[in-house]
**Student:** 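Got a structure for you, written out below as structure tokens; questions coming shortly.
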There are 4 protein chains.
Amino acid sequence: MAVAEPRTTTRRRTPRVDAIRNREAIVEAAAEVLAEQGAAVDVREIARRSGVGMGTLYRHFPKKEDLVHTVLRRDFMTWAESARQAAIDAEDPWAALTTFYQQALTGYARHRAIMENLALTLAEPDLEGIHQLRLVIEQLCARACATGLLRPGVTTDDLLLLLVSLGHAVQITDECRPRMWNRLLHISLDGLRADHREPLPCDSTVAGVSAP
Amino acid sequence: MAVAEPRTTTRRRTPRVDAIRNREAIVEAAAEVLAEQGAAVDVREIARRSGVGMGTLYRHFPKKEDLVHTVLRRDFMTWAESARQAAIDAEDPWAALTTFYQQALTGYARHRAIMENLALTLAEPDLEGIHQLRLVIEQLCARACATGLLRPGVTTDDLLLLLVSLGHAVQITDECRPRMWNRLLHISLDGLRADHREPLPCDSTVAGVSAP
Amino acid sequence: MAVAEPRTTTRRRTPRVDAIRNREAIVEAAAEVLAEQGAAVDVREIARRSGVGMGTLYRHFPKKEDLVHTVLRRDFMTWAESARQAAIDAEDPWAALTTFYQQALTGYARHRAIMENLALTLAEPDLEGIHQLRLVIEQLCARACATGLLRPGVTTDDLLLLLVSLGHAVQITDECRPRMWNRLLHISLDGLRADHREPLPCDSTVAGVSAP
Amino acid sequence: MAVAEPRTTTRRRTPRVDAIRNREAIVEAAAEVLAEQGAAVDVREIARRSGVGMGTLYRHFPKKEDLVHTVLRRDFMTWAESARQAAIDAEDPWAALTTFYQQALTGYARHRAIMENLALTLAEPDLEGIHQLRLVIEQLCARACATGLLRPGVTTDDLLLLLVSLGHAVQITDECRPRMWNRLLHISLDGLRADHREPLPCDSTVAGVSAP
DNA sequence: CATGAATGAGCGTTCATTCAT
DNA sequence: GATGAATGAACGCTCATTCAT
């Protein structure tokens, strides 16, 4: 249907530029919306904000889930990167840990879809972005542990779960009771310090209590 | 309307037996489903599981919201009651607090709709059941504080937020990493002990960090 | 289940009294509601107002339609009767006619279900009550015709249709423009007077005009 | 967003052809169904008849009400237009008036939803289409009045109410007694002529008669 | 390739009618 | 008989996904 002949060399480049621009617009818009409203948003809203049609959106991301994952991957990456940077800049390992949580909770914890997924991800850590974040935390953990500031036995998973946990607290209180989560963070960080005698339970210390 | 002499007692009881059974079946099924899937479930699913028709369900609960509230009220009540009991049975105030969290997290934290609502409720505590729970926590807080075991400055809201926060951790880890939250609980409880020098921040101690 | 023996003679009378009372209560309540809201009302509303259960209502009137018909029959009867009386009391045939419309439009035209059905009934005059009304109109028509006051060729059906037609006008204007229909009545009655030269069309005088 | 050189005209036309066809199919089907059954129809029925899915229907008309209004607006417009044309073509003001009613009652009076709304509209004239119709009637009224053919004191509202009133008569008799309303129209028109001595009542001439 | 219109299963809710008590 | 709880088909509407242009 197209005339095909004249544009020989750049033939495949032109559409691609457009396609890439579109893809980026979609991801950008989606990131915005997902941060604001979580993964339950109407796909139409994303298409609207990115200025592309539904078809384009679905060409790039055949399932809503694909788009969500892409955005999350990206945002987890960025997050991990900025976290790593902040950690490097920090004076000492403990400050690095503290700063990490502060930044995370002040920033990304407001990203609804990020938090929704950070949660899911402990179960099935399929998202590579999250892996980056995990690596950062691993480093923070290792360093704080090595200097003897971190309570012995605390694992990366503990710190990750604490992040998810406090992240949720942020989401809940952010609008009605801003920074109330800050106190919880202090408490938790104090609980993470080395000056506690008792070792942490090995996941199943306490006797069972019946379910509802 | 009729003069109706002797049958006073058994007058209106008979037909209700069935209705009550149904109502209970509905609430029971709803509680189950709400615990499993949260408040977003299809009403038809509840009807199906309880073995009643849609009409019956809507006769008892004119709006889906009514049913949800009823279930939540009930479950919050039960929860508060069992929490209170456990607290009373505890040897000392600190054990009471510990046990409370243990029980709460082992039991009700798995209830999706409960947690959803517990979250919402920090903003607008409309459900009366939740108030009961809050009262229990208030007592636990007061007692633990009075004995000097609880870190000064810790409020009921802090404990409540910790509950929500850890509750979320439970929901996340329960299936894939059972009792991993247990370690987080220990950490948090240690952070709550009185032997910490620094006072808690008054909600906005730390300098702002920019959002993503 | 009942003790069966002692009440021999009056055995079948007692329940009937109750049944009749119930039936009457139902009809009464239904009449009220139907007049207010038309035949589209929820059957529950009728049951509620009459103080009986749904079962009772449906025992007496297996279909909603049955109840509606019963009420309409009754109300058409009453209407016919009061119309006849008013006609008899009138000084002259023309006054009788005028009074009839006045009374009808001031009174029964506000009865929503009556008007709904008066309409339907020109098609299939199944309701006996309406027949009574029709007879009254027939008399009015005959008398007014005989005295030469009524325009020749005007039939009972014409007068009936005028009634339906104006009745509808009443329903529409009653709340927002009370008695606006009164002017229409005057116009129509003047058009019914004998002093018009042209005969009425035989149902199909005018050339067809295309439908929408 | 692209620079898009030569294809200016055919740019956005192509995809719309289908959409417009669908939209028209929906409106057409809706008009049909609304005319037949009134505004209470099931939206699915409209979708079915127009051959589109529910989604398509709701894309074009987000609320059922929107569709209904669109249809009514359209049909009132058409009606007003054809009425105006017929009035213009008429030999004299009285013929114009006569023709108007003839045409209205032969055509649009069969449209159930139109009549339902024409009725409602005397109370709250919200639909713009209806306003057009009103204007036409106003002109007819003014012209007939000016030539001294119309009975003094007759207002646009009177003529409108007569229209609604007779329209209802049409709906009732159309199927079982076609054109029976024609006689009523003659009567009413005769009543509207100037050769009546008595002035019309100012809305509340006649003494009240008690309600049923 | 982009577009956005089309699809249809599914949701919360209502109401005439039936049936166990 | 009387009661009112139970039934389920239908209604207005939404949204992830597909498909013609």
Side-chain angles (χ1 to χ4, degrees), chain A residues 2 14-16 18-19 22 40-45 47-48 51-65, chain B residues 1-2 10-23 40-45 47 51-65 67, chain C residues 1-2 12 14-16 18-19 22 40-45 47-48 51-65, chain D residues 1-2 10-23 40-45 47 51-65 67:
Chain A
T14 334
R16 218 134 191 186
D18 236 55
N22 269 333
V41 270
D42 192 330
V43 185
R44 278 164 182 72
E45 175 64 16
R48 213 172 296 130
V52 307
M54 291 292 291
T56 307
L57 197 156
Y58 269 87
R59 162 173 295 278
H60 288 289
F61 307 96
K63 298 271 166 196
K64 185 186 181 183
E65 208 193 357
Chain B
M1 209 158 259
T10 21
R11 182 70 181 290
R12 195 131 283 161
R13 212 68 122 293
T14 342
R16 242 160 184 169
V17 167
D18 231 53
I20 286 178
R21 222 206 309 283
N22 266 329
R23 195 192 155 93
V41 269
D42 189 339
V43 186
R44 281 161 178 83
E45 173 64 18
V52 306
M54 289 296 297
T56 305
L57 197 155
Y58 272 87
R59 156 180 281 276
H60 289 287
F61 306 95
K63 301 271 167 198
K64 182 189 179 181
E65 210 195 356
L67 174 53
Chain C
M1 207 161 260
R12 196 129 287 157
T14 335
R16 217 128 188 189
D18 235 53
N22 269 335
V41 270
D42 192 331
V43 184
R44 276 162 183 72
E45 175 63 18
R48 213 170 298 130
V52 307
M54 292 292 291
T56 308
L57 196 155
Y58 270 87
R59 160 172 296 278
H60 287 288
F61 307 96
K63 298 269 165 199
K64 185 185 180 183
E65 209 193 356
Chain D
M1 209 160 259
T10 21
R11 180 71 182 288
R12 197 129 283 159
R13 213 67 124 290
T14 341
R16 243 154 181 171
V17 167
D18 231 55
I20 287 178
R21 221 206 310 284
N22 265 328
R23 195 193 155 91
V41 268
D42 188 338
V43 186
R44 281 161 177 85
E45 172 65 17
V52 305
M54 291 293 297
T56 305
L57 198 154
Y58 272 89
R59 157 180 281 277
H60 289 288
F61 306 96
K63 301 270 166 199
K64 182 187 179 183
E65 210 193 357
L67 174 53

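Residue numbering restarts at 1 for every chain, and letters A, B, ... go by the order of the sequence lines. From a predicted model like this one, the values you see are computed outputs, not experimental measurements.
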**Student:** Could you list all N or O pairs between the protein and nucleotides 7-9 of chain F that sit under 3.5 Å apart?
**Tutor:**
unit_1	atom_1	unit_2	atom_2	d
F:dT7	OP2	B:Gly53	N	2.6
F:dT7	OP2	B:Thr56	OG1	2.9
F:dG8	N7	B:Gly55	N	3.4
F:dG8	O6	B:Gly55	N	3.1

**Student:** Just how far, in rounded Å, is P of E:dG12 from CZ of B:Phe61?
**Tutor:**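 Taking atom P of E:dG12 as the reference, CZ of B:Phe61 is at 15 Å.
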**Student:** Does C:Arg59 have any side-chain hydrogen bond (donor to acceptor under 3.5 Å, both in side chains) partners at least two apart in sequence or in another chain, and if so, which?
**Tutor:**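 C:Arg59 satisfies side-chain hydrogen bond (donor to acceptor under 3.5 Å, both in side chains) with no other residue.
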**Student:** F:dT17, OP1 or OP2 - any side-chain N/O from A:Tyr58 closer than 4.0 Å?
**Tutor:**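 Yes, within the criterion.
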**Student:** Considering all heavy atoms of both residues, which atom of A:Thr56 and which atom of A:Asn22 are nearest to each other, and what is their separation?
**Tutor:**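 In terms of heavy atoms, the two residues are closest at CG2-ND2, 4.0 Å.
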**Student:** Nearest whole Å is fine: how far is F:dA2 C1' from C:Asp18 CG?
**Tutor:**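 The answer, rounded to whole Å, is 9 Å.
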**Student:** Return whichever of C:His60 or D:Glu65 has its heavy-atom-nearest nucleotide of DNA chain F closer to the 5' end.
**Tutor:**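 Residue closer to the 5' terminus by nearest nucleotide: C:His60.
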**Student:** Calculate the interatomic distance between A:Glu45 atom CD and E:dG4 atom P; express it in whole Å.
**Tutor:**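 In whole Å, E:dG4 P and A:Glu45 CD are 15 Å from each other.
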**Student:** With sequence neighbours left out, what residues match B:Tyr58 under side chain to side chain contact (heavy atoms under 4.5 Å, CB included)?
**Tutor:**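 B:Tyr58 satisfies side chain to side chain contact (heavy atoms under 4.5 Å, CB included) with B:Val43, B:Met54, B:Lys64 once adjacent residues are dropped.
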**Student:** Going by side-chain hydrogen bond (donor to acceptor under 3.5 Å, both in side chains), name the residues that satisfy it together with C:Arg48, two or more places apart in sequence or in a different chain.
**Tutor:** C:Glu45
**Student:** Mapping B:Arg23 and D:Lys63 to their closest nucleotides on DNA chain F, which lands nearer the 5' end?
**Tutor:**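 On the 5' side of the pair lies B:Arg23.
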**Student:** Whole angstrom is fine here: how far is it from CZ in D:Arg21 over to P in E:dG4?
**Tutor:** 19 Å
**Student:** With sequence neighbours left out, what residues match C:Arg44 under salt bridge (Lys or Arg N to Asp or Glu O under 4.0 Å)?
**Tutor:** C:Asp42
**Student:** Can you give the dot-bracket line for DNA chain F, using ( ) for pairs inside the strand, [ ] for pairs that cross earlier ones, | for pairs with another strand and . for unpaired bases, where Watson-Crick and G-U count if both distances are under 3.5 Å?
**Tutor:** .||||||||||||||||||||
**Student:** Atom NZ of A:Lys64 to atom P of F:dT14: distance rounded to whole Å?
**Tutor:** 16 Å
**Student:** What distance separates D:Arg23 CZ from D:Ile20 CD1, expressed to the nearest 0.5 Å?
**Tutor:** 9.0 Å
**Student:** Reading DNA chain E from 5' onward, which residue's closest nucleotide shows up sooner: B:Val43 or C:Ala40?
**Tutor:** B:Val43
